[in-house]
Amino acid sequence: MHVCLDRDSVAMGDDGMSHRRHLELDPELSLGNLLAQYPPDVCVSGGRASWLITIAAPTAPGERADRRPIGVLAKEWPAPRLFADADVTLRDLADGVVPLIVHYVYFAQVDPDIVFDRYRRGAVISADERSELSRRRSAQLAASNALAERRASSRGFFRRRSRGPSHG
């Protein structure tokens with residue numbers, strides 16, 4: 001079965017080439033196995049990235065694909081969280097439409113729990129809201145990392161002081 005995997009760009013330098021991959025896969029492969037075997041092929045700085053996973057049917061040139069959210073993938077989660085059954089086969093998911101298009105929509109640093117909760121309820125996150133949520137989470141993560149560094153630094157200071165003066 002023909003499956004097309006695609007993803008959004010994560011940075012300006014990532015725009016230079018297509019991210020689309022065309023694969024011939026067993027139609028009985030499960031959605032869970034597909035996502036485990038073919039995550040987005042990119043390394044995101046900071047190690048935290050959220051992706052909305054969508055499926056779509058092919059469209060005529062110039063038409064916009066009608067994407068259906070099926071789950072969320074996050075670097076900090078051990079596995080994607082799905083709205084669909086992970087055991088559903090590609091054949092059943094495609095429902096006769098080939099190729100099946102799986103698209104990873106990049107949500108940058110947006111908290112994956114927020115993305116999952118919103119889309120599970122059928123709501124969406126606009127591009128403006130996505131930018132604001134990502135900016136806030138980046139600031140929170142930076143503050144958290146700075147606090148952890150200060151704590152680690154102060155532990156080292158107290159260890160050095162507890163040894164007492166050197167008598168040499």
Kindly compute the distance separating CD (Glu24) from NE2 (His2), expressed to the nearest 0.5 Å. 6.0 Å
Side-chain donor/acceptor pairs under 3.5 Å, residues 90-100, sequence neighbours excluded:
residue : atom : partner : partner atom : Å
Arg91   : NE   : Glu28   : OE2          : 2.9
Arg91   : NH2  : Glu28   : OE2          : 2.9
Asp92   : OD2  : Thr89   : OG1          : 3.3

Which heavy atom of Thr54 sits nearest to which heavy atom of Pro69, and what is that distance? CG2-CA, 4.0 Å
List the residues meeting ring pair (Phe, Tyr, Trp, His ring centres under 6.0 Å) with Phe116, not counting sequence neighbours, and say none if there are none. Phe83
Nearest heavy-atom contact between Asp113 and Arg81 is OD1-NH1, 2.7 Å
Derivation and outcome, side chain to side chain contact (heavy atoms under 4.5 Å, CB included), residues Leu52 and Tyr119: CA-CA 9 Å; Leu52 177 68; Tyr119 281 88; 3.5 Å; yes
My understanding is that only residues two or more places apart in sequence, or in another chain, count here; which of them pass side chain to side chain donor-acceptor pair (under 3.5 Å) with Arg120? Asp117
Under the side-chain contact (heavy atoms from CB on, under 4.5 Å) test, which residues partner Ala108, sequence neighbours left out? Tyr106, Ser134
Please identify each residue that fulfils side chain to side chain donor-acceptor pair (under 3.5 Å) with Asp87, with sequence neighbours left out. none
Output, in order, the C-alpha distance, side-chain angles, deciding distance and verdict of side chain to side chain contact (heavy atoms under 4.5 Å, CB included) for Met1 and Leu25. CA-CA 5 Å; Met1 174 175 180; Leu25 300 172; 5.5 Å; no
Look up atom CD1 in Ile114 and atom CD in Glu129, then write down how far apart they are to the nearest 0.5 Å. 8.5 Å
Could you please spell out the steps behind the side chain to side chain contact (heavy atoms under 4.5 Å, CB included) verdict for Val102 and Ile53? CA-CA 7 Å; Val102 178; Ile53 308 162; 4.0 Å; yes
Between side-chain atoms of residues 30-38 and protein atoms elsewhere (two or more places apart, or another chain), which donor-acceptor pairs fall under 3.5 Å?
residue : atom : partner : partner atom : Å
Ser30   : OG   : Asn33   : N            : 3.1
Ser30   : OG   : Asn33   : ND2          : 3.2

